[in-house]
2 protein chains.
Amino acid sequence: MPADMVSREGAAPSAPRPNPRRQAQRSADMRQRLCQAALDALCEVGYESLTTTMIAARAGVSRGAQTHHFATKADMLVGAFEHLLQSWDAARQLAFGGRDLGELPFEAYLRFVWREIFSKPSYIAALELMLAARVDKELGERLRQALDSPASQRNLRWRALLRFPDVRKEEQFQYMTLCLLRGMAIHASFNRSDAVNEAVLDAWIELAEKVIAVERPDGRAPEGGVVSPRAVRGHSKRSA
Amino acid sequence: MPADMVSREGAAPSAPRPNPRRQAQRSADMRQRLCQAALDALCEVGYESLTTTMIAARAGVSRGAQTHHFATKADMLVGAFEHLLQSWDAARQLAFGGRDLGELPFEAYLRFVWREIFSKPSYIAALELMLAARVDKELGERLRQALDSPASQRNLRWRALLRFPDVRKEEQFQYMTLCLLRGMAIHASFNRSDAVNEAVLDAWIELAEKVIAVERPDGRAPEGGVVSPRAVRGHSKRSA
DNA sequence: ATTTACAAACAGTCTAGTCTGTTTTTTAAC
DNA sequence: GTTAAAAAACAGACTAGACTGTTTGTAAAT
């Protein structure tokens, strides 16, 4: 393999180099740029005002190039959605690497997902897509499909994080937390007060830790429940 | 000659009082029809595909009549939103009348709001409006304004329902429940499984009742916490 | 030489808001 | 009490712009 990494530089319009493997790279780059632009545009102008023309302009490419890679608007939207899912993976990788989530406190992980995922405008964009999927059945099917593998990976992560003996209860707990975070994302978007959300997040962490302590026969949570009474009642303020 | 001297009143407010209720009635009816049609259309086709023409057609009125009552599309949307809020009031009135919420179990009220408000497609419509308000600042301001009085009334209801001595905690609890319900609404819309939502609702009710028992020095919640250990661990299936 | 990547113009459709005109109701004068 | 003027309710056409998908054309890569 020749050292052709140097030829990877240069501007978009002209790159006259007879390099093998270049076509696929170019295509992938272009798709990446378009998806990122689509996501940015979606965050900025919202789903209703999002147009394919605007996406192409944002990415700095012609509309012809765009339609070559994403024939229809729905293709473009699905691409943006997948791009967002990948960015979440990247953020998680950056924060925790390959660390075992089982050794992580629940609070740490929850604050991470709130800070890096749910509280971002891009999550609202994702919600807009999901709500739009209610009437656009084909889009919905494709979004669900894109979410399929990430969702099962999320299940594995939460399994590692929580380790409830009762898997059914663990799942309930997971979905409850997910719903809460989604609702908080909406609240943060529509209302102005971030203070409320911070307080709710703190309160949920506190409540959740008690549930975890009870559900999981960990080192510190005996079956007898000697911790429970005090734990449930102790709503001491968290410093955040 | 009837007593129409009232009409010579003062200056600007040209609002004749004698007997003519006909015009106002017609106007109110038409607005009602349009708002209902707008809400229906919003539920059926979603925010992105909602058009003023479609609303007028659905209401069975001409576009001229529509623009007379709602000059702009945003006016129409705000009208639909207010209409929805009123329908929630009506449902609550139907279910509980003037009953004191303090005598109502938390579970009963929560199941009511889930069944009659949050699980309905119209709530998704409301969410679409709220998300759209993120970029349409003027719409957002008007929606928040429309929600202002209903929200403070909701606060009063939850105060009556929960009666926590610590008002701050009560507010946290209220917002937590609200966020949870919102998130569940999205989940119900995007995913297919209602079973998950039912389970989450059950679980939240159970958890919430413990929080209530601890926070509120009611008749049945002793300070000693003799109920807590068994209660927290007992996730017995609820019959619903 | 043939496929892929990119470019740009085009066509058909649709939408929100405006404008002009008609009917009904209300007000005010007679 | 009748009637004319005014205002409000209603109807429908029109416009200017925008959007998506298509099509035709060119450059680059294989």
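Note: hydrogens, waters and symmetry copies are ignored here, and every other heavy atom, side chains too, is used.
Ion pair A:Arg142/A:Glu138 flagged as a salt bridge, since at least one NZ, NE, NH1 or NH2 atom sits closer than 4.0 Å to an Asp/Glu carboxylate oxygen. Electrostatic pairing of A:Asp89 and A:Arg92 counts as a salt bridge here, judged by a charged N lying under 4.0 Å from a carboxylate O. Salt-bridge check for B:Arg168 with B:Glu171: failed, with every basic side-chain N at 4.0 Å or more from each acidic carboxylate O. Look at A:Arg157 and A:Asp100 and you find no salt bridge, because none of the NZ, NE, NH1 or NH2 atoms lies under 4.0 Å from a carboxylate O.
With rounding to whole Å, A:Phe70 atom CZ is found 11 Å from C:dC6 atom P. If you measure from atom CD of B:Glu48 to atom P of C:dT15, you get 12 Å, rounded to the nearest angstrom. Rounded to an integer number of Å, the gap from CD of A:Gln66 to C1' of C:dA9 is 15 Å. Taking atom CE of B:Met54 as the reference point, atom P of C:dT15 lies 7 Å away to the nearest angstrom. Rounded to whole angstrom, the span from the CG atom of A:Leu50 across to the P atom of D:dA18 amounts to 16 Å. Summarising the geometry, the separation between CG on A:Leu34 and P on C:dA7 is reported as 10 Å, rounded to the nearest angstrom. Rounding to whole angstrom units, CZ of residue A:Arg31 and C1' of C:dC6 are separated by 15 Å. C:dT26 atom P lies 7 Å from atom CZ of B:Arg22, rounded to whole Å.
Taking the six-membered ring for Trp, A:Phe118 and A:Phe112 have ring centres at least 6.0 Å apart.
At the heavy-atom level, A:Thr53 lies under 4.0 Å from base atoms of the strands shown.
For the side-chain hydrogen bond (donor to acceptor under 3.5 Å, both in side chains) with B:Asp29, the qualifying choice from B:Gln25, B:Arg33, B:Arg26 is B:Gln25, the only one to do so.
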*Using a 4.0 Å cut-off on protein heavy atoms (strictly under), produce a 5'-to-3' string for nucleotides 9-14 of chain D with B for base contact, S for backbone-only sugar-phosphate contact, and - for none.*
BSBB--
